[in-house]
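Quick notes on the structure that follows.
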Amino acid sequence: MARTAGPVRIAPPVWLTTGLRPAPAPVPWAAVLRASVAMSAPLAVGMATGRPAYGALVSMGALSGVIGDTADAYRMRVFNIAVPQLFGALGVTLGTLVFGEGWLAVIALTLVALVSGMISSIGAVASVSGLLLLLNAVVGAGLPMPDPWWKAPLLLTLGGLFVLVLTLLGWPMRRAAPEREAVAATYRAVAELYEATGTGSYDEKRQAVTASLNQSYDLVLARRARQHGRTPSLVRILAQLNVVIPLVEAAPAAHLRAQLFGPLSPAIPAAVRDLADAVEEGRTGAPVLDLPTPERPAEKAVDHALRHAAAVVLPQALGFARAGETPSADPDPYNVDDRLGRPAALRVRARRATRAVLLSEASWRYGLRLALCIGLAQALVSLIAVPRSYWVALTVTFVMKPDFGSVFSRAVLRAAGTAAGLVLAALVLSEVPRGWWDVPVMFVLAALIPASSAKGYAFQTAAITPVILLLSDLLNHQGFDLVLPRLYDSLIGCGIALVAGYLLWPESWHARVGDRLADAVADTAAYVARAFGGDTDQAGRLRARRKLYRDLSTVRSEFQRALTEPPPTGTRAAAWWPLVVAVERIVDATTAARIRVDHGAPAPDPAEVADVERELRELADGLRGTDTLVEVRTELPGDENGVLAPLRQEVGAARAIAGPDLR
């Protein structure tokens with residue numbers, strides 16, 4: 001009897017719907033309150049003084065500050081908010097000067113887009129600065145601004161500075177709290193990593209540790225780069241962060257040990273959590289903890305790293321030390337205060353950044369893509385007989401930010417988010433009378449921006465859209481008539497970004513997703529050679545390993561972004577994903593072997609090390625030469641009971657990964 005086929009469900013592909021699922025993230029209540037006050041208070045002042053347009057411009061500047069306030073440390077917030085405001089003021093000035101000038105406006109905004117795109121490759125602050133430079137230039141060229149020309153940039157800057165003042169209100173009471181909390185979070189991530197040793201969740205926890213370490217070092221070193229002299233609090237925070245590195249390095253060996261002999265003692269992650277509490281609370285004393293006696297090399301590595309961390313984090317916690325031992329007089333005997341390198345002087349970093357922007361092929365390529373899209377968008381609204389709208393170029397500006405994610409997926413999410421935001425905007429513009437009612441409405445709408453930004457780009461767009469439309473209505477008084485044209489403009493802007501910024505560039509849909517991974521594999525080969533090649537520079541090995549894990553974290557992020565692209569790029573990235581995981585495991589296996597040697601295991605034969613290095617370099621060369629994974633069977637002879645046996649297995653697994661022909 002034939003079986004009756006069930007109903008066929010047609011579902012959109014995963015790469016298309018990934019960004020429409022809200023990310024699990026807590027609501028940042030402090031940022032919510034700050035955004036509400038920063039954007040509604042200027043409107044109230046504008047209403048009270050009879051200058052609602054001025055209040056709208058200040059609120060628009062505050063919106064830029066709210067979007068740019070993404071840092072944790074207070075010193076970084078000063079740069080993340082203040083520096084982009086200067087670029088935003090320059091942008092609105094340039095836009096105001098070419099308002100209604102036809103071809104001159106097209107040329108000016110195209111050049112601004114070129115500069116904006118090129119400087120976006122420098123770093124996070126430069127990226128936001130480039131965004132506000134172009135964003136405000138587009139607004140200035142599309143909306144009538146009050147005379148004289150300097151009023152608009154002044155009012156916008158006042159809005160951003162208002163956000164900065166609200167942000168820094170807690171600085172006197174929580175001066176170093178963000179850095180201390182970040183370091184404590186890193187310790188807690190390490191505790192979870194040790195709890196996961198020997199289990200299938202180990203890789204996920206290790207990735208969380210890498211991300212937490214990156215964030216902590218970024219915060220602490222960014223503060224030190226702007227700190228004159230060596231303050232005791234800064235030295236202590238950096239030392240507490242540095243001594244977590246040996247614990248992280250011992251984790252792969254502990255993972256291997258747990259796979260062979262069972263889970264670690266619960267006292268180990270409990271001790272790490274106690275150190276996290278001590279870091280966060282600023283304690284210098286702690287109860288005596290009963291740690292198990294280590295027997296195997298991996299256990300000795302964990303025990304040594306934990307006791308060393310306790311001696312630095314809790315200098316009075318002598319109960320951690322064995323009888324007859326005292327903590328080292330040097331709080332950092334590994335001499336790793338500059339594990340990632342002392343930040344260079346500001347003029348040196350500025351010179352390097354300028355050279356990188358002007359000589360980078362990627363910088364020019366993105367700048368030209370953005371300039372082409374903005375030029376087409378501005379030409380459409382400036383030269384063709386259609387209703388003038390700055391929203392087309394505004395949409396292109398947001399969609400074409402490459403460091404914010406995939407251009408293709410952002411165009412789709414922008415369209416979806418704008419449609420949802422316009423529904424809310426339609427309710428506001430049709431039902432709420434203009435005037436003082438705008439103040440409480442803005443208080444509520446502004447709160448949605450930080451609350452939804454962490455959920456995803458589509459949700460952020462849906463929150464920002466009604467805010468911008470309400471502010472625009474205060475400047476040009478079009479009311480409900482703004483809604484449908486803005487939807488059409490958004491769709492046109494997304495279309496321009498997809499065609500001129502994505503489809504016309506072969507790199508978008510023939511992307512060699514393995515290039516960065518090949519570089520990481522080559523660096524891994526160098527790390528293997530350095531780890532077992534007689535190099536006595538321990539601090540140098542630690543820096544190399546930290547850089548390698550940071551690079552692998554970047555590679556992972558790029559692959560995750562590529563997974564949201566349509567075929568063939570997304571399909572190819574999915575096929576290569578197991579190799580990304582395999583390379584991370586190779587680095588873990590190398591670290592575990594080095595740790596075991598450092599704590600009593602026999603050193604490997606140099607010929608065995610050379611074989612592993614050669615295989616990795618051949619793998620790197622092969623990845624650079626193809627878009628398709630090809631299975632390679634290889635034999636790596638060596639001591640099956642030696643420290644490199646797990647490493648050889650991981651290298652063999654990486655070489656044996658095969659993928660479909662994706663042409």
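Any value given below was found using the heavy atoms of this structure, including those in side chains, with hydrogens, waters and symmetry copies removed.
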Show the numbers, then the answer: is there a side-chain contact (heavy atoms from CB on, under 4.5 Å) between Leu264 and Arg257? CA-CA 8 Å; Leu264 298 176; Arg257 177 252 175 235; 3.7 Å; yes
I want to check something: taking the side chain as every heavy atom from C-beta on, are Asp203 and Gln207 in contact at a cut-off of under 4.5 Å? yes
One should read off an interatomic distance between Gln259 CD and Leu256 CG, to the nearest 0.5 angstrom, of 6.0 Å
4.5 Å side-chain heavy-atom contact, Pro252 and Tyr202: yes
Residues Ala182 and Ser216: closest non-hydrogen pair is O-OG, 3.0 Å
With rounding to the nearest 0.5 Å, note down the distance linking CZ in Arg180 to CD in Glu281. 10.0 Å
Taking only Lys NZ, Arg NE, NH1 and NH2, and the carboxylate oxygens of Asp or Glu, determine whether Glu192 and Arg188 approach each other closer than 4.0 Å. no
Straight-line distance of Glu650 CD to Arg585 CZ, nearest 0.5 Å: 6.0 Å
Out of curiosity, Leu517 CG to Leu579 CG, how far, rounded to the nearest 0.5 Å? 5.0 Å
Taking all atoms of both residues into account, what is the closest heavy-atom pair of Ile586 and Leu616, and its distance? CD1-CD2, 3.8 Å
Are Pro604 and Val597 close enough that some pair of their side-chain heavy atoms sits under 4.5 Å apart? yes
Flag the pair Leu644 / Phe532 as yes when at least one side-chain heavy-atom distance between them is below 4.5 Å, and no otherwise. yes
Do Thr591 and Tyr527 meet the criterion of a side-chain donor-acceptor pair at a distance under 3.5 Å? yes
Is there a side-chain contact between Leu241 and Leu213 (heavy atoms, below 4.5 Å)? yes
Is a donor on one side and an acceptor on the other found under 3.5 Å between the side chain of Arg617 and the backbone of Val521? no
Examine distances only and state if a side-chain atom of Tyr194 and a backbone atom of Ala254 form a donor-acceptor pair shorter than 3.5 Å. no
Side-chain donor or acceptor of His255 paired with backbone N/O of Gly198 under 3.5 Å: yes
Please enumerate all residues that pass side chain to side chain contact (heavy atoms under 4.5 Å, CB included) together with Asp605, with sequence neighbours excluded. Ala607, Glu608
If every non-hydrogen atom of Ala601 is compared with every non-hydrogen atom of Val643, which pair is closest and at what distance? CB-CG1, 3.6 Å
A side-chain contact here means heavy atoms from C-beta on lying under 4.5 Å apart; do Leu275 and Val244 qualify? no
Is the backbone of Arg296 close enough, under 3.5 Å, to the side chain of Glu299 for a donor and an acceptor to pair up by distance? yes
Separation of Asn242 CG from His308 NE2 (nearest 0.5 Å): 8.5 Å
Measure the shortest side-chain to side-chain distance between Lys300 and Arg596 over non-hydrogen atoms and say whether it is less than 4.5 angstrom. no
Between CG of Asp303 and CD of Glu295, what distance do you get to the nearest 0.5 Å? 11.5 Å
Does Asp519 reach the side chain of Asp551, with side-chain heavy atoms less than 4.5 Å apart? no
Ignoring hydrogens, what is the shortest heavy-atom contact between Arg273 and Ala191? Give both atom names and the distance. CG-CB, 3.6 Å
